[in-house]
Amino acid sequence: MAGSTPVVTQPLPSKEQALFRSVIKHYENKQYKKAVKAADQILKKFPDHGETLAMKGLTLNHQDGKKEEAYELVRKGLKADLKSHVCWHVYG
C-alpha cells in the first residue's frame with residue numbers, strides 16, 4: 001500500500017516483560033490501581049507499546065469515570081500494534 005507505514009512492534013526487554021505479566025496478574029486479581037501503576041512504568045520507557053496501552057485501557061475501564069480514557073487507550077494500543085492478539089482481544 002502506498003503511503004502507509006508498516007507497524008513493527010519490538011518485543012519488550014525482560015524487565016518490562018515481567019512488568020507486563022504483573023499488569024495482567026493484577027488485572028486478573030482486580031487490583032486495578034497496581035495494574036495501572038505497572039503499565040505506567042512500561043509506558044514511561046515505551047510510550048507506544050500497543051499491548052500495554054490496551055491493557056491499561058482495559059484496567060481503567062473498571063474504574064469509575066474513566067471509560068472515555070480507557071476506550072482511547074485501547075484504540076491507541078490497537079493502532080500501535082495491529083497484529084497483536086492481546087490488543088484485538090481487549091478491543092473486543
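Computed from a predicted structure; not experimentally measured. Excluded from the calculations below are hydrogen atoms, water molecules and symmetry mates; all remaining heavy atoms, backbone and side chain alike, are included.
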Backbone of Lys83 reached by a side-chain donor or acceptor of Trp88 within 3.5 Å: no

Spacing of CG belonging to Asp48 relative to CG belonging to Asp81, to within rounding of 0.5 Å: 11.0 Å

Asn61 backbone acceptor or donor facing Lys67 side chain under 3.5 Å: yes

Report, one line per pair, each donor and acceptor closer than 3.5 Å where one atom sits in a side chain of residues 27-41; sequence neighbours left out.
unit_1 : atom_1 : unit_2 : atom_2 : d
Tyr27  : OH     : His62  : NE2    : 3.0
Asn29  : ND2    : Lys25  : O      : 3.2
Gln31  : OE1    : His26  : ND1    : 2.9
Asp40  : OD1    : Lys56  : NZ     : 2.6

Under 3.5 Å: donor-acceptor pair, side chain of Glu16, backbone of Ile42: no

Shared hydrophobic cluster, Leu43 / Leu78 (ILVMFWY, side-chain heavy atoms < 4.5 Å): no

Which side-chain N or O atoms in residues 68-75 pair as donor and acceptor under 3.5 Å with protein atoms at least two apart or in another chain?
none

Cluster overlap Leu12 with Ile24, hydrophobic side-chain contacts below 4.5 Å: yes

Atom pair SG (Cys87) and NZ (Lys76), whose distance is rounded to the nearest 0.5 Å: 12.5 Å

hydrophobic_cluster_shared for Val90 and Leu19, side chain cutoff 4.5 Å: yes

Connected via hydrophobic side-chain network under 4.5 Å: Leu58 and Val23: yes

Min side-chain heavy-atom separation Thr52-Phe46 under 4.5 Å: no

